[in-house]
Amino acid sequence: MAYWLIKSEPDAYSWAQMQQDKRTHWSGVRNHQAAGNLRAMKIGDLAFFYHSNVGKEIVGIVEVAATAYPDPSDETKKFVMVDVAYKKSMPKPVTLAQMKSEKSLANLQLIKQSRLSVVPVRAEEWQKIMALGGLK
DNA sequence: GCCAACGTTGGC
DNA sequence: GCCAACGTTGGC
């Protein structure tokens, strides 16, 4: 099983909305590298839900519920989307500042490539962030 | 095919 | 509001 981190601006689609919807189409990705990550997702993979711009923190966890399929909102037919389902909220949101101050998270793709909206997370990074967020 | 100009994302 | 990073577009 793989781990990921997906970003959303809360003004566009917030965690509160995700909790309400329970499941949503993760559409609108228009970057080939991010799309490649979407294609690599498997059912049951977990992803952190990160609020970019406003908040700049990981607020929850979602589970991949459908693997990549064509994004109908993309006229070029090149991009895909996945479905994700609400899993749980972070008892304590983990901020970007917190992650940057952790030496063990120095290689986070989120930090190294801040503009990418779908990034992989290593297992050890996942565990570390879970602990920071008050889970397990 | 190169590269300058421009647009977008996202942190500060 | 500014700026760095980086992707895309279009002229040549």
Side-chain angles (χ1 to χ4, degrees):
Chain A
M1 181 176 73
Y3 299 106
W4 309 92
L5 181 146
I6 57 178
K7 294 191 205 176
S8 180
E9 293 191 38
D11 292 342
Y13 190 84
S14 69
W15 181 241
Q17 189 69 45
M18 181 76 235
Q19 284 177 289
Q20 213 176 329
D21 293 348
K22 297 295 179 197
R23 176 171 172 157
T24 192
H25 307 300
W26 204 257
S27 61
V29 171
R30 295 291 182 274
N31 171 288
H32 291 290
Q33 213 181 331
N37 288 333
L38 287 182
R39 286 178 208 276
M41 288 185 183
K42 300 228 165 46
I43 302 277
D45 281 0
L46 298 176
F48 285 130
F49 190 108
Y50 174 79
H51 275 168
S52 62
N53 271 319
V54 180
K56 283 168 286 179
E57 59 191 9
I58 291 170
V59 287
I61 296 169
V62 294
E63 180 175 348
V64 176
T67 53
Y69 57 102
D71 182 344
S73 70
D74 170 34
E75 286 162 16
T76 70
K77 303 290 174 222
K78 285 188 209 158
F79 292 100
V80 294
M81 63 185 193
V82 298
D83 288 1
V84 294
Y86 168 80
K87 187 90 177 169
K88 63 172 70 169
S89 289
M90 301 305 271
K92 293 182 288 179
V94 180
T95 66
L96 182 65
Q98 253 180 299
M99 292 186 271
K100 280 189 166 175
S101 66
E102 280 291 335
K103 286 188 208 71
S104 58
L105 297 177
N107 289 318
L108 264 188
Q109 197 78 30
L110 173 69
I111 295 168
K112 300 186 95 176
Q113 223 178 332
S114 64
R115 289 187 61 225
L116 197 56
S117 60
V118 182
V119 292
V121 176
R122 295 187 186 91
E124 59 270 26
E125 293 165 342
W126 180 273
Q127 300 304 336
K128 179 72 192 174
I129 295 168
M130 291 283 277
L132 288 174
L135 289 170
K136 163 151 155 295

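First the proteins, then the strands, lettered A, B, ... as listed; each starts at 1.
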Does A:Tyr50 put a side-chain nitrogen or oxygen below 4.0 Å from OP1 or OP2 of B:dT9?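 So the side-chain polar atoms of A:Tyr50 never come under 4.0 Å of the phosphate oxygens OP1 or OP2 of B:dT9.
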Distance below 4.0 Å between A:Lys7 side-chain N/O and B:dT8 OP1 or OP2: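 Checking B:dT8 against A:Lys7, no side-chain N or O comes under 4.0 Å of OP1 or OP2.
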Distance, rounded to the nearest Å, where [X] contributes [atom1] and [N] contributes [atom2]:
X	N	atom1	atom2	answer
A:Leu116	B:dT9	CG	C1'	11 Å
A:Gln109	C:dC6	CD	P	11 Å
A:Asn31	B:dG10	CG	C1'	13 Å
A:Gln113	B:dG11	CD	P	13 Å
A:Leu110	B:dG11	CG	P	7 Å
A:Lys56	B:dG11	NZ	C1'	6 Å
A:Ile111	C:dC6	CD1	C1'	18 Å
A:Asn53	B:dG11	CG	P	6 Å

Give the nucleotide from the list B:dG10, C:dG7, B:dC12 with an atom nearest to the side chain of A:Ser52.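 Within the option list, the nearest is B:dG10.
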Taking the side chain of A:Arg115 as heavy atoms from C-beta outward, which of B:dG11, B:dG7, C:dT8 is closest to it?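 The answer is B:dG7, which lies nearest to the side chain.
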Other residues, nucleotides and ligands only: do more than 12 of their heavy atoms fall within 6.0 Å of NZ on A:Lys77?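 Yes - once you tally the heavy atoms of other residues, nucleotides and ligands closer than 6.0 Å, there are more than 12.
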Is there a path of hydrophobic side-chain contacts, each under 4.5 Å between heavy atoms of I, L, V, M, F, W or Y residues, that connects A:Val64 with A:Tyr3?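 No; A:Tyr3 is not reachable from A:Val64 via cluster members.
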Do you reckon A:Leu96 sits in the same ILVMFWY cluster as A:Trp126, going by side-chain contacts under 4.5 Å, direct or chained?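 Both belong to a single hydrophobic cluster.
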For A:Gln113 and A:Gln33, does a side-chain donor sit closer than 3.5 Å to a side-chain acceptor?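 Checked: A:Gln113/A:Gln33 side chains pair up, N/O donor to acceptor below 3.5 Å.
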Heavy atoms only, 4.0 Å cut-off, all strands: where does A:Lys100 land among base, sugar-phosphate and nothing?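 The residue A:Lys100 makes sugar-phosphate contact but no base contact.
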